[in-house]
Amino acid sequence: MSKNDFNDVQIGTKAVWAGEKESLVHGATQVPVVVSVAYGYDDMDEWYDVAIGKKAGHIYGRNTNPTVQAFEQKIQILEGAEAATSFSTGMAAISNTLYTFLRPGDRIVSIKDTYGGTNKIFTEFLPQLNIEVALCNTGDHEAIEAEVEKGCKILYLETPTNPTVKITDIERMAKAGKAVGALVVVDNTFATPINQSPLQLGADLVIHSATKFLGGHADALGGVVCGDKKLVEQIYHYREINGATMDPWAAYLILRGMKTLKLRVEQQAKNAMAIANYLQQQELVEAVFYPGLETHVHHEIAKKQMRGFGGMLSFALKGGMDAVRILLPKLKYANRAANLGAVETTYGPARTTSHVECTPEERAAMGIPDGLVRISAGIEDTDDLIADMEQAFAYLAEQVLVSSKK
Ligand SMILES: *Cc1c(COP(=O)(O)O)cnc(C)c1O
């Protein structure tokens with residue numbers, strides 16, 4: 001039987017069914033959590049054939065695992081990729097991918113607004129290896145093209161970005177990257193495969209922090225890279241030796257979470273849009289960033305390359321962190337935490353979440369005001385989230401009035 005590539009069904013069906021069948025045993029309908037570190041063979045020749053990759057199977061947990069493999073196959077199919085390889089965290093997926101391909105003397109082009117950890121690799125670790133990093137203003141497509149034209153090994157993009165949800169035109173950038181023979185890598189964590197397919201837009205590799213929307217329940221860390229088989233094999237080799245392997249329990253939790261990915265992402269986008277509209281009408285709000293808003297600088301690009309605008313948004317309050325200190329603790333249906341993409345609505349100031357690694361000056365250079373708050377919309381009922389904001393904003397308005405009278 002040929003392997004089912006699920007070409008004839010839509011993405012929600014793929015999210016439920018894809019990648020699981022090969023890992024099922026005992027007639028169970030659910031993928032088992034295989035915790036075995038090693039796999040035994042009585043037949044020395046069979047063992048050898050599996051070890052050298054001539055025959056399918058598993059040898060040792062740092063290399064491959066059936067539960068982890070089911071997760072890899074599901075995301076591979078959702079991204080429409082030839083292959084996928086997974087990692088212990090999203091940062092491991094990003095760093096291992098970069099270290100697989102970059103050598104001293106190489107050059108990489110990216111944007112200033114990448115995830116804080118990614119930005120640290122660009123500003124701290126790659127320069128130590130004598131790798132030149134050119135970081136462009138996010139959304140300045142001409143500047144990125146100009147840097148790419150000078151030549152580079154990798155063009156690294158993230159869209160939408162963290163936390164001001166800026167959008168980069170993947171198709172246009174992929175063309176520029178291809179023209180100089182660069183590998184085009186896209187962090188698709190915010191969009192998810194439900195809303196955006198970077199490989200179909202011309203990217204070579206797509207990366208996820210599976211910790212976020214893919215898992216969706218904030219209870220497991222993971223990362224993954226999808227793309228061309230030859231490229232993914234090289235990244236897999238780097239990972240199997242360097243050891244940032246995904247844990248089978250994490251793989252199981254993320255795999256289970258992914259079955260509801262489409263439902264979650266749709267509700268999160270609906271809630272994000274409603275929250276963005278609500279915030280835009282608030283006197284005490286300085287700015288709202290959501291690609292679904294017509295006022296968003298990159299709304300048109302988002303409309304072109306995304307199937308939905310996602311669950312991430314951010315806003316700045318008049319009064320900066322002082323106002324944030326009053327507003328956030330008043331919210332009843334919100335976690336104030338560093339993660340995102342979970343079923344619970346989650347709030348966090350950028351300076352303590354996505355960009356805690358950066359200095360205030362670095363954040364300012366990225367256009368991140370000190371009081372910027374990131375929201376990851378959850379799957380709660382929309383009206384309840386708005387009512388929650390209403391009572392919190394009413395309290396903030398009261399406090400502002402009190403302090404102005406003092
Ligand atoms: C969280 C995140 C990462 C890092 O993922 P971890 O699983 O926390 O290592 C990378 N990119 C984006 C966009 C993220 O949100």
Side-chain angles (χ1 to χ4, degrees), residues 6 9-16 18 74-81 84 90 113-115 138-139 157-174 184-203 205-216 223-227 254 257-277 289-294 296-314 340-343 345-346 374-379 382:
F6 295 87
V9 292
Q10 296 175 57
I11 199 149
T13 309
K14 289 179 190 175
V16 175
K74 195 184 280 292
I75 184 64
Q76 174 204 325
I77 288 167
L78 289 182
E79 285 291 1
D113 285 33
T114 51
Y115 179 72
T138 310
L157 301 171
E158 182 183 321
T159 180
T161 56
N162 204 344
T164 50
V165 244
K166 293 188 187 119
I167 309 287
T168 302
D169 188 327
I170 298 174
E171 198 168 17
R172 176 171 166 187
M173 292 302 103
V184 180
V185 182
V186 177
D187 182 334
N188 204 28
T189 300
F190 270 32
T192 82
I194 302 299
N195 286 332
Q196 181 168 279
S197 303
L199 298 177
Q200 276 73 62
L201 295 166
L205 292 166
V206 52
I207 294 183
H208 283 277
S209 166
T211 313
K212 312 295 172 55
F213 289 95
L214 295 186
V224 69
V225 181
C226 309
I254 295 166
M258 283 174 75
K259 294 189 190 211
T260 55
L261 183 65
K262 182 165 178 254
L263 292 175
R264 285 187 284 109
V265 166
E266 281 175 356
Q267 182 66 15
Q268 283 161 331
K270 184 180 165 217
N271 284 342
M273 191 74 221
I275 293 169
N277 281 327
F289 305 97
Y290 184 60
L293 292 175
E294 273 170 33
H296 188 278
V297 273
H298 303 132
H299 177 67
E300 288 306 317
I301 309 171
K303 242 169 53 180
K304 186 181 76 162
Q305 73 186 14
M306 299 179 78
R307 292 178 285 270
F309 299 112
M312 300 303 301
L313 69 157
S314 61
L340 60 96
V343 289
T345 293
T346 305
R374 185 181 73 190
I375 305 176
S376 169
I379 63 164
T382 314

inquiry  = So, using salt bridge (charged side-chain N to carboxylate O under 4.0 Å, His left out) as the criterion, who are the partners of K166 when residues are at least two apart?
reply    = D113

task = For T345, enumerate each residue passing the side-chain hydrogen bond (donor to acceptor under 3.5 Å, both in side chains) test, keeping only those at least two apart in sequence or located in another chain.
result = E380

inquiry  = Suppose we screen for salt bridge (charged side-chain N to carboxylate O under 4.0 Å, His left out). Which residues come up paired with K14, at least two apart in sequence or across chains?
reply    = none

query = With sequence neighbours left out, what residues match T211 under side-chain hydrogen bond (donor to acceptor under 3.5 Å, both in side chains)?
reply = S209

Counterpart residues, salt bridge (charged side-chain N to carboxylate O under 4.0 Å, His left out), relative to E171 (two or more places apart) = none

request  = First locate atom OG1 of T168, then atom CD of Q305, and finally report the distance between them rounded to the nearest 0.5 Å.
outcome  = 8.0 Å

key: With T260 via side chain to side chain contact (heavy atoms under 4.5 Å, CB included) - residues at least two apart   = H217, R264

message = Applying side-chain hydrogen bond (donor to acceptor under 3.5 Å, both in side chains), can you list everything that pairs with Q196, at least two apart in sequence or on another chain?
response = N188

key: Set of side chain to side chain contact (heavy atoms under 4.5 Å, CB included) partners for A84, sequence neighbours left out   = E72, I75, Q76, V224, C226

ask   = Considering residues at least two apart in sequence or located in another chain, which fulfil the ring pair (Phe, Tyr, Trp, His ring centres under 6.0 Å) criterion with F309?
value = H299

inquiry  = Taking side-chain hydrogen bond (donor to acceptor under 3.5 Å, both in side chains) as the definition, give me every residue that meets it alongside T189, ordered by chain and number, with sequence neighbours left out.
reply    = D187

key: For A272, side chain to side chain contact (heavy atoms under 4.5 Å, CB included) partners two or more places apart   = Y290, L313, A377

task = List for me each residue that meets salt bridge (charged side-chain N to carboxylate O under 4.0 Å, His left out) alongside K270, sequence neighbours excluded, and say none if there are none.
result = none

